[in-house]
Amino acid sequence: MDSLITAAARALATGDPLGALKRVALRDDPPALALRGIAMAQLGDLARAKSLLKNAGRAFGPREAVARARCVVAEAEIALVSRDLSWPEKALDTARATLEKHRDWVNAAHASNLKVRRLLLVGRLDEAERALGEIDPAPLPPAARAAYELVVAGIAIRRLRTKAARAALARAEHAAHEADIPALAAEVESASLVLGSPAARLIARDAAHPLLLEEVETLLASEALVVDACRHVVRGGSATVSLATRPVLFTLARALGEAWPGDVPRGVLVARAFRAKHADESHRARLRVEIGRLRAELGTLAEVVATKRGFALAPRTGEVVVLAPPVEGRHAALLALLFDGEAWSSSALAIALGSSPRTVQRALEVLVAAGKVQCFGRGRARRWMSPPVPAFPTVLLLPGPLPGD
Amino acid sequence: MKHAQAEILREYGPFEGADNVHGVTFDGEHVWFASGDKLNAFDPASGDTVRAIDVAAHAGTAFDGRHLYQIAEDRIQKIDPRTGRVLSTIPAPGNGGDSGLAWAEGTLWVGQHRGRKIHQIDPETGAVLRTIESNRIVTGVTWIDGELWHGTWEGDESEVRRVDPETGKVLEALDMPAGMGVSGLESDGGDRFFCGGGKSGKVRAVRRPR
């Protein structure tokens, strides 16, 4: 490697992209192009970074397969961060195989890490967990280790395993500190905030208070009967009844859950479930039918008992609470579904909410404009999800795609 | 052209606090190598590190009998090995694309990495006296008994090769084993070359053919 490339790579490794650029700004040889690309990516100019790395990859000679593979990995990372999921997954696999063949274990592991992040992004949690299990984090240098631990934390958070998430974030913090890259440490810190901010609201006996993710986990592991308005299910012990496709039944269950141990007057139930101002005889008849259906759905979890003025929930064991998203309001149901961390298609959301695909589409567009929802993919492959999940460092942790080192 | 496998006699390192070897030189007693922000010296008999100088050290290293020369960014620094002080600097001929450095008969020889060139320069002014073209990426450069040798390392392929100092024609080449590259080169004045191993953090002694 030549002198200025070495100096620039050292600057980059210590989180000084401007220092790196200063040294190679005017050079167009392949290692310089690659370094400029990585520096631009770290500075946030992803479009410029992408074209520089593409040019670098093309310019490396036929003997420099490793350098070219590293450029591909860097390009893949930029694509991931810019949510360009049309970027060929296969190219990343090929690059990783090349790196493994040439014993570049660190960058090969980085490529694997990117693959897991991509799976996490598209909501393929099971596959992400499997792929994560194939990475050995031991030989990773601190910066790559921090990125790895952020992915571990991201999966744990989506799986509601807060203890594991906390441990992974602590390891990420340690690694970021060791890497001595301030922006990376800040990234870990902001990821850790998720665990300290309210993830949901608990509504019990008509009063609400915010819950941390950890408390949600504890609640779901408890004996309580949880009417979960985030996922539109009712849980008790290990049993779960999904009402995601039965919005009227869920509304009734929630109203009953909020009032427990009290009852809810028929008029209130009719108003909430059917959005009717006054309950007439036909509404009362329909309510009886829906309550009958709810009774059948809840089965062994709880009894729905008739009272003088309406209905009440009688759980088999424990108390009844309602778990609601932290914020409710217009499109809140949509947000609540998306908050499960999975990648939803708009048609799946429409089914869950019982509304037309067009209505869901319009709502999603409003939410995207407000920055509350993210989407990726095009046409039928388009998916939607809520954004506040770590594991996607905005600080790129690209390996040095340099030859002969 | 003679072609042979390089014979590795011994491996030194990796050394504590130096994960990269850029330039290598020999002062008759100790082997010096550049590791980015330091020049490190070790005893080739024991392999023990004997001292280090804090100085920017990004590529080639040379020794003229009294001073160390060290490429940093796009300059060549002249260093007093006793005090570690930088006495003077001259511009490097490759504008920072410089890799190897060697001292011979009153002049400095500088490898230009991707430029695939070796420049002979005036050690006082940095003026280029002569340029030899190579057909491979040039890493380390060294002179021994009137022979000019340089390292080359492209991807997975690395050689130590002897070239004609007039024409640049390759006269002899030693292939490094797979996975071992030559980032810096120096002869010990006898039967050995000291070869920097780049990111491996090692320095290898390679037998010089007779």
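We name chains A, B, ... by the order of the sequence lines, and we start the count at 1 in each one. Because the structure is predicted, anything quoted here is derived from the model rather than measured.
- Residue contact with chain A, scored on non-hydrogen atoms closer than 4.5 Å, involves the backbone of B:Asn95 exclusively.
- For B:Trp153 against B:Gly197, the heavy-atom pair with the smallest separation is CH2-O, 4.1 Å.
- A salt bridge links B:Arg116 with B:Glu154: the distance from a Lys NZ or Arg NE/NH1/NH2 to an Asp or Glu carboxylate oxygen falls below 4.0 Å.
- Ion pairing between a basic and an acidic side chain is recognised when a charged N comes within 4.0 Å of a carboxylate O; A:Glu75 and A:Lys54 show such pairing.
- In summary, of the residues considered (B:Ile137, B:Ile132, B:Ile118), a side chain to side chain contact (heavy atoms under 4.5 Å, CB included) with B:His150 occurs for B:Ile118 alone.
- Between the side chains of A:His174 and A:Glu149, no donor N or O sits under 3.5 Å from an acceptor N or O.
- Using a 4.5 Å heavy-atom cut-off against chain A, the contacting residues of residues 166-180 of chain B are B:Ala178, B:Gly179.
- Listed by chain and residue number, B:Phe42 satisfy the ring-ring contact (aromatic ring centres under 6.0 Å, His included) test with B:Tyr12 (two or more places apart in sequence, or in another chain).
- Within a 6.0 Å sphere centred on CG of A:Leu193, heavy atoms belonging to other residues, nucleotides or ligands number more than 12.
- Applying a 4.5 Å heavy-atom cutoff, the residues of residues 67-86 of chain B that approach chain A are B:Ile71, B:Ala72, B:Glu73, B:Asp74.
- At a 4.5 Å heavy-atom cutoff, the contact between A:Arg27 and chain B is made by side-chain atoms alone.
- Below 4.5 Å, heavy atoms of chain A meet heavy atoms from B:His58, B:Ala59, all part of residues 56-63 of chain B.
- Between B:Ser183 and B:Thr139, the shortest heavy-atom contact is O-CB, 3.6 Å.
- Salt bridge A:Glu64/B:Arg114: present, at least one basic N to carboxylate O contact under 4.0 Å.
- Scanning all heavy atoms of the two residues, the minimum distance from B:Leu185 to B:Gly151 falls at CD2-N, 3.8 Å.
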Worked verdict on A:Asp16 versus A:Arg10 for salt bridge (charged side-chain N to carboxylate O under 4.0 Å, His left out): CA-CA 9 Å; A:Asp16 178 14; A:Arg10 290 177 63 83; over 6 Å; no

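- Residue A:Ala146 comes nearest to A:Leu184 through the heavy atom pair CB-CD2, 3.8 Å, listed as atom of the first residue, atom of the second, then distance.
- Heavy atoms of other residues, nucleotides or ligands lying less than 6.0 angstrom from NE2 of A:His102 number more than 12.
- Between A:Glu178 and A:Arg145 no salt bridge is recorded (no basic side-chain N to carboxylate O distance below 4.0 Å).
- Between chain A and the options B:Gly97, B:Gly23, B:Gly100, B:Gly115, heavy-atom pairs under 4.5 Å are most frequent for B:Gly97.
- Here B:Gly36 is the residue among B:Ala34, B:Ser99, B:Gly36, B:Gly181 with the most heavy-atom pairs under 4.5 Å with chain A.
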Derivation of the salt bridge (charged side-chain N to carboxylate O under 4.0 Å, His left out) call for B:Glu147 and B:Arg208: CA-CA 11 Å; B:Glu147 298 173 2; B:Arg208 177 184 159 215; 3.6 Å; yes

